[in-house]
Amino acid sequence: MIFAELKDIKKYNISEKVVYFLNNLSAETPAGHYEIEEGVYANIDEYNTKEHSICDLEAHRKYADIQLLLEGEERIDFTNIEGLSVKIPYDDNRDVMFFELPGKVNSLYLKPGNFALFYPEDAHRPQMNSFAVSAKVKKVVVKILLSVLA
């Protein structure tokens with residue numbers, strides 16, 4: 001897992017097309033699906049953050065995620081998948097599996113200007129309230145096929 005400022009993204013072996021795409025987004029960029037290059041796409045969504053208890057810990061096998069907020073703030077919990085109990089088995093069509101929440105996780109607070117990069121070994125629980133109340137966010141998730149990162 002990498003958590004860093006967007007201005008430093010070139011340090012992490014991310015393709016120039018993805019870097020260009022991310023650096024040219026704003027809160028005014030329309031929600032939707034964007035094809036960036038072969039094996040790489042992005043979804044921009046608007047939603048309200050949720051109470052922690054209804055958010056699930058997830059991981060992927062085929063894709064790494066770059067998560068970047070364009071507006072708002074959210075908390076994301078994360079931990080290594082090793083030793084986690086599976087809650088919902090892997091769905092190959094959706095490239096996702098869900099885990100029971102362990103006793104201890106790490107947390108980060110995603111805000112515009114920073115990003116989180118999650119690899120398949122990084123279970124993560126996004127879309128959580130940063131504070132006691134729900135807040136509107138606009139977020140881009142870039143999905144990078146692992147063979148593209150190799």
Side-chain angles (χ1 to χ4, degrees), residues 1-81 84 87-88 90-91 93-99 101-102 105-131 133-150:
M1 200 279 307
I2 295 169
F3 181 55
E5 292 186 31
L6 183 59
K7 68 180 182 60
D8 297 326
I9 195 167
K10 289 184 178 185
K11 295 178 182 177
Y12 301 103
N13 197 32
I14 304 299
S15 84
E16 286 296 322
K17 288 183 180 180
V18 172
V19 171
Y20 179 83
F21 177 81
L22 290 172
N23 281 317
N24 286 283
L25 295 174
S26 72
E28 289 74 40
T29 304
H33 179 82
Y34 296 81
E35 292 292 330
I36 300 172
E37 62 183 322
E38 183 72 29
V40 182
Y41 65 91
N43 291 315
I44 298 176
D45 293 305
E46 295 179 270
Y47 56 86
N48 289 317
T49 58
K50 302 171 190 166
E51 173 60 40
H52 302 176
S53 63
I54 62 171
C55 296
D56 289 319
L57 195 59
E58 65 182 58
H60 314 287
R61 290 184 181 166
K62 297 177 191 174
Y63 288 86
D65 283 1
I66 296 176
Q67 299 193 16
L68 170 76
L69 283 180
L70 303 176
E71 181 177 55
E73 179 178 334
E74 77 177 38
R75 176 177 149 186
I76 300 176
D77 287 348
F78 63 96
T79 190
N80 189 284
I81 64 170
L84 295 179
K87 181 177 182 178
I88 300 175
Y90 181 71
D91 180 337
N93 292 328
R94 294 179 52 221
D95 185 40
V96 68
M97 64 189 306
F98 297 95
F99 299 94
L101 194 61
V105 294
N106 300 298
S107 299
L108 62 86
Y109 291 85
L110 198 60
K111 300 176 186 179
N114 56 38
F115 71 95
L117 172 55
F118 297 103
Y119 292 95
E121 65 270 15
D122 303 318
H124 50 286
R125 185 166 72 145
Q127 299 188 357
M128 295 193 304
N129 298 342
S130 284
F131 304 102
V133 295
S134 178
K136 181 182 174 211
V137 299
K138 188 170 194 177
K139 181 164 97 176
V140 58
V141 177
V142 176
K143 305 292 280 184
I144 304 172
L145 191 63
L146 292 175
S147 62
V148 173
L149 278 176

Inset, instruction - Begin with the C-alpha distance, continue with both residues' side-chain angles, and end with the deciding distance and a verdict on side-chain contact (heavy atoms from CB on, under 4.5 Å) for V40 and K17. - result: CA-CA 10 Å; V40 182; K17 288 183 180 180; over 6 Å; no

If we ignore hydrogens and angles and just use 3.5 Å, is the side chain of [X] paired with the main-chain N or O of [Y] as donor and acceptor?
X    : Y    : value
K138 : A27  : yes
D77  : V105 : no
K139 : Q127 : no

Considering all heavy atoms of both residues, which atom of [X] and which atom of [Y] are nearest to each other, and what is their separation?
X    : Y    : result
N129 : S134 : OD1-CA, 3.4 Å
E37  : V18  : OE2-CG2, 3.9 Å
P112 : G72  : CD-O, 3.0 Å
P120 : A59  : O-CB, 3.9 Å
A116 : L108 : CB-CD2, 4.2 Å
R125 : L101 : NH1-CD2, 3.5 Å

Close side-chain approach of [X] and [Y], heavy atoms under 4.5 Å:
X    : Y    : result
V96  : H60  : yes
L25  : I44  : yes
D95  : R61  : yes
H124 : M1   : no
Y20  : I36  : no
M97  : K87  : no
F115 : I9   : yes
I76  : F118 : yes

Look up atom [atom1] in [X] and atom [atom2] in [Y], then write down how far apart they are to the nearest 0.5 Å.
X    : Y   : atom1 : atom2 : answer
F21  : T29 : CZ    : OG1   : 7.5 Å
N23  : S26 : CG    : OG    : 12.5 Å
L70  : L22 : CG    : CG    : 9.0 Å
K136 : E73 : NZ    : CD    : 16.0 Å
I66  : Y12 : CD1   : OH    : 11.5 Å

Inset, instruction - Establish, from distance only, whether the side-chain atoms of Y119 and D65 form a donor-acceptor pair under 3.5 Å. - result: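 On atom types as modelled, these side chains do not qualify, holding no pair under 3.5 Å.
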
Inset, instruction - Please check if any side-chain donor atom of R75 sits under 3.5 Å from a side-chain acceptor atom of H52, or the reverse. - result: yes

Legend entry - Verdict with supporting geometry, V140 and Y34, side-chain contact (heavy atoms from CB on, under 4.5 Å): CA-CA 10 Å; V140 58; Y34 296 81; over 6 Å; no

Inset, instruction - Evaluate side-chain contact (heavy atoms from CB on, under 4.5 Å) for T49 paired with M128, printing each intermediate quantity in order. - result: CA-CA 5 Å; T49 58; M128 295 193 304; 6.0 Å; no

Legend entry - Within 6.0 Å of NZ in K111, more than 12 heavy atoms from elsewhere: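 Incorrect, the count does not exceed 12.
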
Legend entry - Residue among L57, N106, D122 satisfying side-chain contact (heavy atoms from CB on, under 4.5 Å) with F78: N106

Legend entry - Ring geometry between Y41 and Y63 (parallel below 30°, tilted from 30 to 60°, perpendicular above 60°):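 Perpendicular, since the angle between the ring planes exceeds 60°.
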
